[in-house]
Amino acid sequence: MSKIQMTTPLVEMDGDEMTRILWQMIKDELLLPYIDLKTEYYDLGLEHRNETDDRVTTDSAEATKKYGVAVKCATITPNAARMTEYNLKEMWKSPNGTIRAILDGTVFRAPIQVNGIEPCVKNWKAPITLARHAYGDVYKNTEIKVPGKGTAELVFTSEDGTEIRKLIHQFDGPGIIQGIHNTDRSIASFAKACFNYALDTKQDLWFATKDTISKKYDHNFKDIFQDIYDTEYKEKFEAAGIEYFYTLIDDAVARVMKAKGGFIWACKNYDGDVMSDMVSSACGSLAMMTSVLVSPSGVYEYEAAHGTVQRHYYKHLNGEETSTNSVATIFAWTGALRKRGELDQIKELQDFADKLEKATLKTIEDGKMTKDLALITSLENVTVLNSQDFIHAIRETLETDL
């Protein structure tokens, strides 16, 4: 068959460790044989980010704004151990946080459901979609390691020179302080994205923060959501027969465990990061969750919701066999290709994305899967495949469909 032609490139953001290995396998086996793949490539591997003083991350985000669709591999957010391991100039910030800030988008994450992998929470009958605010909070924080006794204050200086000061803590010895921020504009964009997505998918929308403790910061989120809902969305929600409600984050966690699913759970940045991992793991594996960042201007960035699979990468470097689940990374590619096809009106590209997803799930349902799924499947007599053989098995299934 002739290769599917693309007219506009995807922004391709390569990543780190085991997911970088899978990234190339997916391209070689599942994409390049069928698509005349056009991408604008950016290497977001930690070594290259360090070489460019992390400029490559900003460049990739700006390119995403230009072309409208990006696909991203998992990347390392360095800690102290990574500083030594990679001989870094500094502890670079989360590339995901940088990209989200530039695009001002909201992350929507939902588990990939497949027959034979039942959720650990037995009453979850439908997927729970996590809507994660994609700006600010701890991902854009400023930190100071306090050396000893002293006074820590929170200070805001307005344009006219007026100051607002609040005592953070009177230190009597060493410690740490952290400053985080958000903006009303970003919170409003987050709220509208969640309300619009709920209307589009006809799902109830939950939103949760900790406003009882954070009476200014978290309460501001709550107030903005409620104001926008009351003035712009209440009648639309009622007409659609769906509900919006607010609750405390701890109450939301308790309610989620007893719910049937089929709703959107909107969370602040860190809460969304953690809770999406919980939902994906409970639905089978961290490698079984889609993630898409959507900006208010209609820009899309697709990625897997999990990390770089460091442990498997070290095994790979030692020549040992790995059985790494590549499903979420495959679905990042299919999501981006489908959206590119929609925007460019290339139906063949959309159809290919659908078929690749179908082939991926059918391979698992036929009993061919990676070790993480084999340990929890209800299917009998399954075949556990290594990382490369699983992708080969998907290609065989895809070839039959094509």
Side-chain angles (χ1 to χ4, degrees), residues 100 103-113 119 121 123-136 182 184-211 218-249 251-276 278-280 282-283 289-302 305 331 335 338-339 342:
R100 289 167 191 154
L103 298 184
D104 187 27
T106 295
V107 178
F108 293 94
R109 291 178 172 172
I112 301 165
Q113 292 194 313
V121 184
N123 47 281
W124 286 359
K125 304 302 181 187
I128 297 169
T129 300
L130 266 293
R132 175 185 171 187
H133 189 207
Y135 177 78
N182 228 293
D184 286 4
R185 185 186 70 172
S186 180
I187 298 168
S189 293
F190 172 43
K192 290 179 180 179
C194 292
F195 291 133
N196 287 331
Y197 198 79
L199 287 169
D200 288 343
T201 58
K202 298 294 187 291
Q203 295 184 90
D204 290 343
L205 174 64
W206 301 15
F207 180 49
T209 71
K210 192 69 172 177
D211 68 286
D218 280 24
H219 212 296
N220 195 49
F221 277 81
K222 177 184 177 182
D223 290 343
I224 289 174
F225 261 75
Q226 193 64 52
D227 288 345
I228 291 174
Y229 175 72
D230 290 340
T231 58
E232 300 182 39
Y233 289 94
K234 185 175 182 179
E235 292 182 1
K236 296 176 183 177
F237 267 56
E238 291 172 350
I242 58 176
E243 180 185 8
Y244 164 69
F245 73 89
Y246 173 86
T247 187
L248 289 171
I249 185 65
D251 292 339
V253 171
R255 293 181 67 160
V256 162
M257 299 309 292
K258 298 177 181 178
K260 293 182 180 180
F263 58 89
I264 301 166
W265 182 12
C267 294
K268 288 172 54 193
N269 210 341
Y270 178 76
D271 294 340
D273 191 1
V274 175
M275 292 300 108
S276 63
M278 180 194 75
V279 170
S280 63
C283 286
M289 178 166 264
T290 62
S291 181
V292 56
L293 175 72
V294 184
S295 80
S297 61
V299 171
Y300 298 81
E301 183 245 308
Y302 294 82
F331 273 58
R338 184 184 296 107
K339 180 55 66 176
E342 290 175 9

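Only heavy atoms go into these numbers, but all of them, side chains included; no hydrogens, no water, no symmetry mates.
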Undergrad: How would you list, by chain and number, every residue that makes a salt bridge (Lys or Arg N to Asp or Glu O under 4.0 Å) with D271, sequence neighbours excluded?
TA: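 Partners of D271 under the salt bridge (Lys or Arg N to Asp or Glu O under 4.0 Å) test: none.
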Undergrad: Check ring pair (Phe, Tyr, Trp, His ring centres under 6.0 Å) between Y270 and all other residues, then give those that pass, not counting sequence neighbours.
TA: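 Here no residue qualifies.
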Undergrad: If you look at every heavy atom in Q203 and T129, which pair is closest and at what distance?
TA: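 Looking at all heavy atoms of both residues, the shortest contact is NE2-OG1, 4.2 Å.
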Undergrad: List the residues meeting ring pair (Phe, Tyr, Trp, His ring centres under 6.0 Å) with Y244, not counting sequence neighbours, and say none if there are none.
TA: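 Scan of Y244 (ring pair (Phe, Tyr, Trp, His ring centres under 6.0 Å), adjacent residues dropped) gives F195, Y229.
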Undergrad: Using the side chain to side chain contact (heavy atoms under 4.5 Å, CB included) criterion, which residues pair with A126? Sequence neighbours excluded.
TA: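 A126: no side chain to side chain contact (heavy atoms under 4.5 Å, CB included) contacts found.
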Undergrad: Using salt bridge (Lys or Arg N to Asp or Glu O under 4.0 Å) as the criterion, list what pairs up with R100, not counting sequence neighbours.
TA: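 Result, salt bridge (Lys or Arg N to Asp or Glu O under 4.0 Å) vs R100: E303.
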Undergrad: Output all residues satisfying salt bridge (Lys or Arg N to Asp or Glu O under 4.0 Å) with D218, sequence neighbours left out; order by chain, then residue number.
TA: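 For D218, the residues satisfying salt bridge (Lys or Arg N to Asp or Glu O under 4.0 Å) (neighbours in sequence not counted) are K268.
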Undergrad: Determine which pairs satisfy salt bridge (Lys or Arg N to Asp or Glu O under 4.0 Å) with at least one residue from residues 125-134, sequence neighbours left out, and list them in order.
TA: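 Salt bridge (Lys or Arg N to Asp or Glu O under 4.0 Å) check on residues 125-134 returns R132-D273.
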Undergrad: K222: what forms a side chain to side chain contact (heavy atoms under 4.5 Å, CB included) with it, not counting sequence neighbours?
TA: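 Here the qualifying residues are D211, H219, Y246.
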Undergrad: For V253, which residues count as a side chain to side chain contact (heavy atoms under 4.5 Å, CB included) partner, sequence neighbours excluded?
TA: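 Once residues adjacent in sequence are excluded, the partners of V253 under the side chain to side chain contact (heavy atoms under 4.5 Å, CB included) criterion are W265, M275.
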Undergrad: Would you please name every residue forming a side chain to side chain donor-acceptor pair (under 3.5 Å) with S295, sequence neighbours left out?
TA: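 Counting only residues at least two positions away or on another chain, S295 forms a side chain to side chain donor-acceptor pair (under 3.5 Å) with S297.
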Undergrad: With E342, which residues qualify under salt bridge (Lys or Arg N to Asp or Glu O under 4.0 Å), at least two apart?
TA: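 E342: salt bridge (Lys or Arg N to Asp or Glu O under 4.0 Å) contacts with K339.
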Undergrad: Sequence neighbours left out, what passes side chain to side chain contact (heavy atoms under 4.5 Å, CB included) with S186? Give chain and number order.
TA: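 Checked S186 against side chain to side chain contact (heavy atoms under 4.5 Å, CB included); matches are D104, H133, Y135, N182, T183.
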